[in-house]
Amino acid sequence: MQVNIAYRPSFALAVVKLAANESVVTEAGAMVSMSSNIGIQTSSRQKAGGGLLKALKRSVLAGESFFMNTYTAQGGEGEVTLAPTLPGDIINIPMSGPAIVIQSTSYLASSPGIGLDTQWGGLKTLFGGEGLFMLKASGSGELVISSFGAIHEMNLN
């Protein structure tokens, strides 16, 4: 899976190139276009993300969609373009180590090896306007997240 971000920092679009039989899992409603050989499967389950209860928890507590779409390139390479609901920026994060906590509603897409769960954010996130729960992404693969507005990357110690 190769992710290229176009039109940054506002109205960003993620162009996901898939090898034959490779998949990308996305938030419902994120797909803008796809090549003709892409197959779609919609479910509440994500391989690394749990089942019905985790999907319900993500939906109720974190404001994410109950359903996730899995796009798979069939019979050769394929391409899927994705955009967030609100105008803003997109960033791709290669994951192989510890979990990453992100703002709810920021999840856009990931490799099938990335699992999503909710995490208690505490009162600091409630008073900060983010809500009580955040999303925790864990596993190996690519994680594509979005923001309302530009993303300013900073390296922290």
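It should be emphasised that the depicted structure is a prediction, and the values quoted were computed from it without experimental measurement.
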Is there a side-chain contact between [X] and [Y] (heavy atoms, below 4.5 Å)?
X: Leu82; Y: Val144; value: no
X: Thr105; Y: Gln103; value: yes
X: Met68; Y: Thr26; value: no
X: Ile90; Y: Pro84; value: yes
X: Val24; Y: Leu18; value: yes
X: Glu77; Y: Asn37; value: no
X: Ile100; Y: Met95; value: yes

Would you please say whether a donor-acceptor pair under 3.5 Å links the side chains of [X] and [Y]?
X: Asn92; Y: Glu142; value: yes
X: Tyr107; Y: Ser110; value: yes
X: Thr81; Y: Ser33; value: yes
X: Ser147; Y: Asp89; value: no

Determine whether [X] and [Y] fall in the same hydrophobic cluster, where Ile, Leu, Val, Met, Phe, Trp and Tyr are linked whenever their side-chain heavy atoms lie under 4.5 Å apart.
X: Tyr71; Y: Val15; result: no
X: Val32; Y: Ile40; result: no
X: Phe148; Y: Leu13; result: no

Donor-acceptor under 3.5 Å (Ser106 side chain, Ser146 main chain)
yes
Between Ser35 (side chain only) and Glu79 (backbone N and O only), is there a donor and an acceptor less than 3.5 Å apart?
yes
Heavy-atom neighbours of Gln74 CD exceed 12 at 6.0 Å
yes
Side chain to side chain contact (heavy atoms under 4.5 Å, CB included) test vs Ile93 passes for just one of Ile145, Ile102, Val3, namely Ile145
